[in-house]
Structure formats: C-alpha cells, structure tokens
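In each ligand, atom 1 is the first atom listed, and ligand 1 is the first ligand listed. For this chain, numbers begin at 1 and follow the sequence in order.
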Amino acid sequence: MRAGLAGARPLSRPCILDTDPGTDDALAIWLALASPELDLRLVTVAGGNAGLERTLPNARAIVGLSGRDVPVVAGADRALLGAFTAEPRVHGADGLGGVVLPEGPPAAPGIAADAIRAVLRGAAPGSVTLIGIGPATNLALALATEPALAGRVAEVVLMSGAVSEGNITPAAEFNAWSDPEALAILVGCGRPLTLVTLDLTAQALVTPARIAALRAAGGGRCLAAAAEILAAIPPSRRFGNRGVPLHDPCAVAWLLAPGLFTARQVAVEVECGTGPGRGRTHVDRWGRSGRPASVTLPESLDAEGFFALLARRLAVLP
Ligand code: BDR
Ligand code: CA
C-alpha cells in the first residue's frame, strides 16, 4: 500500500465537480471552492439526495454563499435507465437538512452533459479532473456521447461504491445504486479512476466535538452554514449513533492531501443486474478476478488531519 498513487499533480488543476446537494455535498463544494489546488471550472447537478428541483437551487445557493463565480448547470433528473430515489432520512426533504441558505445566482444556461463536454473540448489533453459526488449520470452522459473527450480527462475521482456493505441496500452504496450503468461507464472510460467508498468515508465520522471544532475555526457565513448543516444530519445507527460519515468531502480531500490516505490498486466491477445486488461494486483487492487492477482505492484516512484540513479551508471562505 502507498499514499498518493496519482503521482505528480499540477499546482492548480482544472476540475469539474458533479454533485447532488446533499448535506455532505455542500461541504465538499465549499472545500473545493476554498482550495487553490483546484481550478473549479464548472459545477454540474443531478437529482439524487433530493429531486433536481431541490438539488439545483441548493447547488446555486452553496456556490453563491461562497461568493465564487463558478457556473452551475442543471443535469439529469433521472438515471440512465430509470428514476432517482431521494434520501430524505439523511438529507431532509430539501436536501440540506432544513438549513435555509440565501438564494444563489441563476443556473448557467444549457444542460450538464453539454457543459462538461464544452469544458473538455476547450482543454488540453489529459488536463481536466472530474470529481463526482452524486449519481454518475451527468459525467457518464458526457463521455458516452463523445468518447474521444475522455482523452482530455486527467483522472476521475468518485465518491461511490462500497467494499463491504452498502448504505441504501445491503449490497450497494447510494450513488452507485442510483445509477449503476453510469458508474460502469466511468469505470470503463480508460482514464485513471479513484473510488472513495463507504469503507473509507466510515473513517470520517462527524461527531459533536468535530462540529464544535469546525464552528470555532472562523467566523465566515460558509463555515457557520457548514456547521449548521452537519448538526442537522441525524447520527447513524451503523455507528452506534456516535456520529455520521462525511462522505463527499473525502473525495475532494483525496485530491488536496493524498498524504492523509493510504491506497491500493484494485479491479472493480459494477453489478448492473436487477436483483438485490444491483449497484454493488465488486472490489477485487487480491487479483482474484483476473481483471486489471486499474482503480485506485483509498483505504485508510487520517481523520484528524482530514477534519483539520476541512476547517482550515472553509475558514478562508466568506
Ligand atoms: C453518498 O450518497 C449521498 O447520500 C451522499 O451525498 C454521498 O454522495 C454516500 O453514500
Ligand atoms: Ca452526494
């Protein structure tokens, strides 16, 4: 195992962030916006944690609160082969746990897949990092409709999947289950791919003490909203009600501070059948499948370092 398998990285990498806000998505978006290592060119939105009619205004409000001028574009309101199912038990009916943010600027015109392709077309080969923290529908649509554009992608980092048990079904993690066919397209797109799974994010447990530390890190409105959103997520039975995993910011942190993680190369196959295993990510850590170990799997996280990074970064936002 070694840390930082992605190798040498440019100082400020062009990025597209695809999201379905979503409580933890909000913190991931702010973390990306606050980080000079990432040149965030575009935020694209799908339904997922709530319907698109909620996730889109949420994304606009989250970006708007940061004061950063990044276009937000609406995308898929359904999966490639079906419907999205919201997760109000975790994110509330509004997607942000009932925390009301000031309305953000309007969405940029167009639809997500077109906007993603436009950014890729204008970019140098191998230069754009795709970060996906929702169902993979928008990213998959963009690449499936113009496959040559995969050549413009530096790497793909997704919060998706699970090595062990799922969180929406016994077998599947929510983002993977929401659109398994889309995830399979990304796993097969031929570019370096990192899967930040539930087994990793289980190590980033939000506790009352960590919320208090975040709140104490500064006086800005984004930090205050982030603490309020975290406090609104119900604690998880999976963790004996001690806290709740902060999934999506882990995917962004992987790009910012790979030294906080250890990782290994694995083979991954996404189950796309219609049975109880739908959306399961079969992760082969030991080469038993004979498939190429082409996916990077972060396996351990320095949780204290991660929450310190999150607080430091969010504290620079207004
Ligand atoms: C993932 O599903 C959503 O509920 C979260 O925002 C995260 O992206 C975790 O399974
Ligand atoms: Ca999400």
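Hydrophobic cluster of Ile111: no remaining members, since no ILVMFWY side chain lies below 4.5 Å from it.
Heavy atoms of Asp248 found under 4.0 angstrom from ligand 1 belong exclusively to the side chain. Contacts between Ile168 and ligand 1 below 4.0 angstrom, taking non-hydrogen atoms only, are absent altogether. If you look at His91 next to ligand 1, the close heavy atoms, those under 4.0 Å, all belong to the side chain.
A salt bridge is defined here as a Lys NZ or Arg NE, NH1 or NH2 lying under 4.0 Å from an Asp or Glu carboxylate O, and Arg221 with Glu228 fails to meet this definition. A salt bridge between Glu269 and Arg291 is present, with a side-chain N of the basic residue lying under 4.0 Å from a carboxylate O of the acidic one. By the 4.0 Å N-to-carboxylate-O rule, Arg313 lies close enough to Glu37 to be salt-bridged with it. With respect to Arg285 and Glu299, a salt bridge is recorded, a charged nitrogen being found less than 4.0 Å from a carboxylate O. The pair Arg60-Glu103 counts as a salt bridge, with a side-chain nitrogen and a carboxylate oxygen less than 4.0 angstrom apart.
The protein atom (non-hydrogen) at minimum distance from atom 4 (O) of ligand 1 is Asn49 OD1, 2.6 Å. Nearest protein heavy-atom neighbour of atom 2 (O) of ligand 1: Phe174 CD2, 3.3 Å.
Nearest approach of Ala267 to Ser289, heavy atoms of both residues: CB-OG, 4.0 Å.
Proximity to Met159 (heavy-atom distance under 4.0 Å) selects the following atoms of ligand 1: 1 (C), 7 (C), 8 (O), 9 (C). For ligand 1 and Asn167, the ligand atoms under 4.0 Å from any heavy atom of the residue are 9 (C), 10 (O). Close approach to Asp25 involves these atoms of ligand 1, each under 4.0 Å from a residue heavy atom: 6 (O). Residue-ligand proximity, Asn175 to ligand 1, at heavy-atom distances under 4.0 Å covers atoms 1 (C), 2 (O), 7 (C), 8 (O).
Residue Asn49 is tested with Asp94, Asp25, Thr55 for a side chain to side chain donor-acceptor pair (under 3.5 Å); the sole match is Asp25.
In this structure, Asp24 counts as a contact residue of ligand 1, since one of its heavy atoms falls inside 4.0 Å of the ligand. In this structure, Glu173 is part of the shell of residues with a heavy atom less than 4.0 angstrom from ligand 1.
Around the Ca ion (ligand 2), protein N, O or S atoms at a distance under 3.0 Å total 5; waters are neither shown nor counted.
In this view, Arg152 and Leu120, Leu149 satisfy the side-chain contact (heavy atoms from CB on, under 4.5 Å) rule, not counting sequence neighbours. Every residue meeting the side-chain contact (heavy atoms from CB on, under 4.5 Å) condition with Ala176, not counting sequence neighbours, appears here in chain and number order: Ser160, Glu173, Leu183, Thr281.
Arg264 forms a cation-pi arrangement with Trp286, by the criterion of a distance under 6.0 Å to the ring centre and an angle within 45° of the ring axis.
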